[in-house]
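Have a look at the structure below, then the notes.
Naming convention: chains lettered A, B, ... in sequence-line order (proteins, then strands); numbering from 1 in each chain.
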2 protein chains.
Amino acid sequence: MSIRHAILGFLSWKPFTGYELKKLFSDALTFHWSGNNNQIYGTLVGLHRDGAVSIEVQQQEKFPARKLYSITAKGREELRAWLLSEPVLPALRSMAHIQLAWADCLSAAELDALLDSYERQLEAQVLMCREAARRRAAGGAGHEAARGAAGDAVRDGSSPARSAREALIWTSIDENNLAFYDRELEWTRRLRAAAAALERP
Amino acid sequence: MSIRHAILGFLSWKPFTGYELKKLFSDALTFHWSGNNNQIYGTLVGLHRDGAVSIEVQQQEKFPARKLYSITAKGREELRAWLLSEPVLPALRSMAHIQLAWADCLSAAELDALLDSYERQLEAQVLMCREAARRRAAGGAGHEAARGAAGDAVRDGSSPARSAREALIWTSIDENNLAFYDRELEWTRRLRAAAAALERP
DNA sequence: CAAAGCATGTAAGCAGTTACATGATTGT
DNA sequence: ACAATCATGTAACTGCTTACATGCTTTG
């Protein structure tokens with residue numbers, strides 16, 4: 001399980017409900033998870049079974065009861081152990097690249113259209129990343145993911161004080177995301193130009 | 001299904017057996033699939049059920065019978081339709097980044113060790129990519145994936161002639177792969193230096 | 001009155017992984 | 001003797017996805 005550690009990470013800041021965690025994940029552009037119920041709630045059940053989190057059920061008048069999950073000492077140990085474990089290299093498996101790999105089945109115009117479509121999508125993504133990075137830089141305190149209801153909870157006094165180091169890391173990850181798509185965009189443009197140049201020598 | 005189109009792509013060059021396709025995938029650093037049996041053989045069954053490939057069983061004296069798969073007109077249509085479809089943006093979901101995101105739980109030394117480990121792995125990966133790119137550039141004719149038994153089959157006269165455009169694309173994908181890890185390496189080094197700088201101001 | 005928010009959960013499925021199973025043959 | 005190659009396939013599992021189900025409240 002992979003999201004398990006990310007959930008423990010959020011819970012290391014402060015207690016959250018499943019619903020809040022779900023928002024945290026689906027709002028966080030930084031690491032794009034769908035934040036679907038099945039995984040969040042299922043993982044929380046597993047974490048509770050393993051004693052990594054404790055549950056406090058809060059009855060509410062006007063809303064359904066909420067289960068507030070807190071990380072336990074055991075959970076912190078697990079998180080720490082994972083943080084100290086060997087990082088795993090990310091795999092770059094892009095279906096768009098596979099598409100290009102056999103684009104020789106396409107005409108020059110069709111290949112150009114394919115690259116154009118990819119380029120446009122990348123441009124949009126770059127804009128989104130830039131906006132997200134700008135907002136985090138402007139917002140100062142709040143994590144990218146920490147907006148909306150859950151965000152308010154994070155920003156209020158009960159949340160752990162953020163160190164300069166953590167701020168540096170989160171900003172770096174944002175920049176990395178942006179640079180990833182930006183580089184891919186530049187690569188696509190170069191490839192497109194080179195492919196076009198082959199047509200008229 | 002995702003590998004389905006990649007299999008159709010290989011079969012658009014020339015017929016292959018499941019065993020050869022498996023090697024093609026596990027050897028191809030370009031798009032790193034495990035090339036496991038379950039997926040290859042299962043997908044081939046599905047492709048045959050859908051009439052996208054035809055099977056020729058070849059009895060052999062000294063080796064088990066082999067099923068040689070050829071792409072059909074229907075299969076070519078499916079491949080072409082997919083090639084013309086909207087490319088999907090790759091997602092950058094790196095567990096190492098998630099690890100870093102909560103690295104504030106670690107001491108300065110521990111964070112540095114984590115970044116060092118990541119850096120070393122990236123260095124090794126960059127060397128591998130560089131080697132792969134160099135070999136393809138030197139080999140000229142052969143695709144990265146097209147070595148070993150299946151490679152011989154690809155290189156012999158029955159394989160489709162490769163265009164300058166296809167060569168350009170495959171080389172570009174190799175360079176993209178290399179640049180991806182290279183950029184990640186540079187990013188890691190910068191982050192490491194910045195984190196270290198925070199310690200002694 | 002409809003849409004969105006709060007809050008929990010289940011069902012079904014896809015894509016991918018490692019590992020197991022068989023059995024002859026060829027190379028070290 | 002042991003390992004690798006040739007060649008097929010199965011089993012069990014992980015991680016993730018969309019969509020469904022319920023039901024009450026607040027906002028537009």
Side-chain angles (χ1 to χ4, degrees), chain A residues 1-7 15-28 31-48 55-69 82 88 90-95 98 147-153, chain B residues 1-7 15-28 31-48 55-69 82 88 90-95 98 147-153:
Chain A
M1 222 172 302
S2 196
I3 208 174
R4 181 181 172 107
H5 304 293
I7 286 178
F16 286 108
T17 68
Y19 188 78
E20 286 168 333
L21 286 167
K22 183 183 155 183
K23 296 208 118 194
L24 244 20
F25 279 109
S26 52
D27 291 358
F31 25 76
H32 16 76
W33 253 291
S34 82
N36 64 96
N37 291 354
N38 216 330
Q39 227 178 337
I40 307 275
Y41 289 109
T43 302
L44 283 172
V45 166
L47 284 168
H48 186 239
I55 306 181
E56 183 196 345
V57 180
Q58 297 180 328
Q59 294 299 334
Q60 296 177 117
E61 286 176 14
K62 311 202 160 179
F63 286 108
R66 40 190 267 144
K67 295 184 181 174
L68 194 63
Y69 291 87
W82 177 68
V88 177
L92 178 61
R93 187 185 298 156
S94 168
M95 275 300 118
I98 314 286
R147 274 175 291 108
D152 294 345
Chain B
M1 226 172 301
S2 196
I3 208 173
R4 181 182 173 107
H5 304 293
I7 287 177
F16 285 108
T17 67
Y19 188 77
E20 286 168 333
L21 285 167
K22 184 184 155 182
K23 294 209 117 192
L24 245 19
F25 279 109
S26 52
D27 290 359
F31 25 77
H32 16 75
W33 252 292
S34 81
N36 65 97
N37 292 354
N38 217 331
Q39 225 178 338
I40 306 276
Y41 288 109
T43 302
L44 283 171
V45 166
L47 283 168
H48 186 240
I55 306 181
E56 184 196 346
V57 180
Q58 296 179 327
Q59 292 300 334
Q60 296 177 119
E61 285 175 14
K62 310 203 163 178
F63 288 109
R66 41 190 271 150
K67 295 184 180 172
L68 194 65
Y69 291 88
W82 178 67
V88 177
L92 178 61
R93 187 185 298 158
S94 168
M95 274 301 119
I98 314 287
R147 275 175 292 109
D152 295 343

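- Taking 4.0 angstrom as the limit, B:Tyr41 places a side-chain polar atom (N or O) nearer than this to OP1 or OP2 of D:dT8.
- At a threshold of 4.5 Å between non-hydrogen side-chain atoms, the residues B:Met95 and A:Ser2 count as touching.
- Taking atom CD of B:Glu20 as the reference point, atom C1' of D:dT5 lies 13 Å away to the nearest angstrom.
- Under 4.0 angstrom from either OP1 or OP2 of D:dT14 there lies no side-chain N or O belonging to A:Ser2.
- When the nucleotides D:dA7, D:dC16, D:dT17 are ranked by their closest atom to the side chain of A:Ile3, D:dC16 comes out on top.
- Rounded to an integer number of Å, the gap from A:Trp33 CH2 to D:dT18 P is 15 Å.
- Distances shorter than 4.0 Å separate none of the side-chain N or O atoms of A:Ser34 from OP1 or OP2 on D:dC16.
- Rounded to an integer number of Å, the gap from CD of B:Gln60 to P of C:dA24 is 15 Å.
- At C:dG5, none of the side-chain N or O atoms of A:Arg66 fall inside 4.0 Å of OP1 or OP2 (strictly under the cut-off).
- At whole-Å resolution of the value, CZ in B:Phe16 and P in D:dC6 are 14 Å apart.
- Counting non-hydrogen atoms under 4.0 angstrom, B:Gly18 reaches the backbone sugars and phosphates but no base.
- Comparing B:Ala65 and A:Arg4 against DNA chain D, the residue whose closest nucleotide sits nearer the 5' end is B:Ala65.
- Of the inter-residue distances, the one linking A:Trp33 atom CH2 with A:Asp27 atom CG reads 15.0 Å to the nearest 0.5 angstrom.
- Considering CZ of A:Phe25 and CD1 of A:Ile40, their distance stands at 5.0 Å, rounded to 0.5 Å.
- OP1 and OP2 of D:dA7 both lie 4.0 Å or more from every side-chain N or O belonging to B:Lys23.
- In this entry the distance linking CD of A:Gln39 with P of C:dC14 reads 17 Å, nearest Å.
- Distance, B:Met95 CE to D:dC16 C1': 11 Å, rounded to whole Å.
- Here D:dT5 presents its C1' atom at 13 Å from CG of B:Asp27, a figure rounded to the nearest Å.
- The side-chain heavy atoms of A:Ile55 and A:Leu44, taken from C-beta on, include no pair separated by under 4.5 Å.
- When each of D:dA7, D:dT26, D:dG23 is scored by its nearest atom to the side-chain atoms of B:Pro64, the top-ranked nucleotide is D:dA7.
- The side chain of B:Tyr19 lies closest to D:dC6 when the candidates are D:dC6, C:dT8, D:dC16.
- A donor and an acceptor atom never sit less than 3.5 Å apart when one is taken from the side chain of A:Asn36 and the other from the base of D:dA19.
- Map B:Lys22 and A:Phe63 each onto its nearest nucleotide of DNA chain D; the residue landing nearer the 5' end is B:Lys22.
- Between B:Leu21 atom CG and B:Tyr69 atom OH the span is 9.0 Å, to the nearest 0.5 Å.
- Taking the six-membered ring where the residue is Trp, A:Trp82 and A:His5 present parallel rings, their angle staying beneath 30° rather than reaching 60°.
- Here the side chain of A:Lys62 is nearest to one of C:dG9, D:dT17, D:dT25, namely D:dT25.
- Of the listed nucleotides (D:dT8, C:dT10, C:dT8), C:dT10 has the atom at the smallest distance from the side chain of A:Asn38.
- A donor-acceptor contact under 3.5 Å is not formed by the side chain of B:Asn37 with the base of D:dT10.
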